Student: 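Can you read through this structure? Questions will come right after.
Predicted, not measured: the structure shown is a model, and the values here were computed from it. Chain identifiers are assigned alphabetically (A, B, ...) following the order of the sequence lines, protein sequences preceding nucleic acid strands; residue numbering begins at 1 within each chain.
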Protein chains: 2
Amino acid sequence: MTPEDIHPVSPSCADCPIRHRAVCARCDERELGVLESIKYYRSFEAGQMVIWSGDKMDFVASVVSGIATLTQTLEDGRTQMVGLLLPSDFVGRPGREFAPYNISATTDLMMCCFRKKPFEDLMFRTPHIAQRLLEMTLDELDSAREWMLLLGRKTAREKLASLLAIVARRDASVKLRATRGRMIFDLPLTREAMADYLGLTLETVSRQISAFKREGIIELEGKRHVTVPDFDRLLNEAGDDADGGMLS
Amino acid sequence: MTPEDIHPVSPSCADCPIRHRAVCARCDERELGVLESIKYYRSFEAGQMVIWSGDKMDFVASVVSGIATLTQTLEDGRTQMVGLLLPSDFVGRPGREFAPYNISATTDLMMCCFRKKPFEDLMFRTPHIAQRLLEMTLDELDSAREWMLLLGRKTAREKLASLLAIVARRDASVKLRATRGRMIFDLPLTREAMADYLGLTLETVSRQISAFKREGIIELEGKRHVTVPDFDRLLNEAGDDADGGMLS
DNA sequence: GCAGAACCTTGACCCAAATCAAAGAGAGCC
DNA sequence: GGCTCTCTTTGATTTGGGTCAAGGTTCTGC
């Protein structure tokens, strides 16, 4: 995935961390100049830690390529994923000095970072950027709360179906989406990472995937390449009424 | 609880929905005047719905007294609480037209509301208000994610201990807090509401409370009045390392 | 092409919490 | 005082998903 795919609207703002046309389009030359001057790239290998919970975090960033996860752990090692960052997602918290969760790369990862202090200064001077950040944070809050419903009340089967639906919606290549409900994509997570996201064990994840395969709800090629022949049927298994957006 | 308890710093700003001294103190006369001109009070009886998920929500508000909850439901009726609003908590989403969850009063409830459109206008013109809103939203996001850890990975016992700890921290009357780890408070929720918050059934909640009582971790007078003789001992049961802030 | 390491699947068994059921405890009301 | 309604407790039973264990698949590096 290239920067153009991520920021389709405004090539002059290809690395703008505020991933939204309304804002990119509204950034003036001076603002873009500031962003340009404070940005730098960092890449990570699969499995590498981007930052530990509690560490000082002096940047905000957009994911350019690869997958990152946010996780929290209990001291005995039980871990719960609390966020999944796909390309074009934003991470970082203006006004916060320390990272509140572990951020790690689950695949090779490229991030476009911006130094936090000057970014905050720009934000504080630039109302539409602050507004956009508020909106993004509200989106994340909605997702987190929808995930609370999943964690607290859904069965293992429903959890799996929900996760597959989210990944499909985010990842399925556009051309294949057109074909009447058929979706093809690669799972970006190991069984263990899925389990940590869903509040299950990896064995249960594996069993549910096998069940979906057995029932023809999904087709698997290798361990990661998934075909969903009928997306509506998958959605039916997810348990929530109607659409239920859930991104990020 | 009086407005003075809620907004201890700035009596002239007693109804400011941005519950933070730094912001109240920074509101100038004109801003306070705007807030004053767009505010109104609404009261609800215990059990009453404040707003249904999906309905148009044309106000933002502070809880003045009583308890409100945010809940989400699956279409078969399983429900999950995703937020608990105690006095001084803020609810509402600048920039969003529709309520994303059910908001209901679990006790008699008084809210101080502000019409949304003029509130947004004020926010867009007033950088420190937008910043404060962003900060509050980030706090809520952190709480939501901490709750995800609870829902996904904690045992029933740990869940109950965590909930008691949160309510104790928020509600325990200040004088009693001084007494070496001893805390006294009233549970603001029915067993069923606790269950919805914790992703459990009400029977399990009841059993865990009985267990804590039997072991002397809490003392109960009636069904709601709780004494925690040793707060650290309760915290030990909650499973999370060290402090783990978790508010609203 | 082989060895080792990750990662994944499947089976057998178990247990924490759900479900089903019944009875107790208050609170409000006549 | 007794009646009803809601909330809560407790017991008996069931079950979904966890745990433990044993192999199976890929992938990587040599």
Student: Taking any heavy-atom pair under 4.0 Å as a contact, classify A/T201: base, sugar-phosphate, or nothing.
Tutor: base

Student: From C-beta outward on A/R224, which listed nucleotide comes closest to its side chain: C/dT9, C/dC8, D/dG17?
Tutor: C/dC8

Student: To the nearest Å, how far apart are A/L150 CG and D/dG17 P?
Tutor: 12 Å

Student: Checking all strands, does B/G47 fall into the base, sugar-phosphate, or nothing category for heavy-atom contacts under 4.0 angstrom?
Tutor: nothing

Student: Where each residue is assigned the nucleotide of DNA chain C containing its nearest heavy atom, which of B/E203 and A/K223 is assigned the position nearer the 5′ end?
Tutor: A/K223

Student: Between A/R233 and A/E215, does any NZ, NE, NH1 or NH2 come within less than 4.0 Å of an OD or OE carboxylate oxygen?
Tutor: no

Student: Can you see whether B/T69 engages B/S104 through a side-chain donor-acceptor pair at a distance of less than 3.5 angstrom?
Tutor: yes

Student: Side chain of B/Q208: nearest nucleotide among D/dT9, D/dT19, C/dA17?
Tutor: C/dA17

Student: Rounded to whole angstroms, how far apart are NZ on B/K154 and C1' on C/dA17?
Tutor: 18 Å

Student: Hey, which of these two, A/G222 or A/G199, hits DNA chain D nearer its 5' end, going by closest nucleotide?
Tutor: A/G199

Student: Roughly how many Å is it from NE2 in A/H225 to C1' in C/dC7, rounded to a whole number?
Tutor: 19 Å

Student: Using whole Å, what does the distance between atom C1' of nucleotide D/dT19 and atom CZ of B/R153 come to?
Tutor: 13 Å

Student: Which nucleotide, D/dT8, D/dG18, C/dA17, lies nearest any side-chain atom of B/L202?
Tutor: D/dT8

Student: Side chains of A/N102 and A/S53: do they bring a donor and an acceptor to under 3.5 Å?
Tutor: no

Student: What is the distance from CG of A/L220 to P of C/dC7, rounded to the nearest Å?
Tutor: 17 Å

Student: Take the protein atom CG of B/L187 and the nucleotide atom C1' of D/dC7, then report the distance between them rounded to whole Å.
Tutor: 13 Å

Student: Nearest-Å distance, CZ (B/R207) to C1' (C/dA22)?
Tutor: 13 Å

Student: Look at A/R96 together with B/D139 and state whether they make a salt bridge at an N to O cut-off of under 4.0 Å.
Tutor: yes

Student: Salt bridge or not between A/R170 and A/D89? Use side-chain N to carboxylate O under 4.0 Å.
Tutor: yes

Student: Would you indicate what B/S210 reaches in the nucleic acid, counting non-hydrogen atoms under 4.0 angstrom: base, sugar-phosphate, or nothing?
Tutor: sugar-phosphate

Student: Rounded to the nearest Å, what distance is computed from the NZ atom of residue A/K213 to the P atom of nucleotide C/dT9?
Tutor: 6 Å

Student: Ignoring the backbone of A/S206, work out which of C/dT9, D/dT8, C/dA18 is nearest its side chain.
Tutor: C/dT9

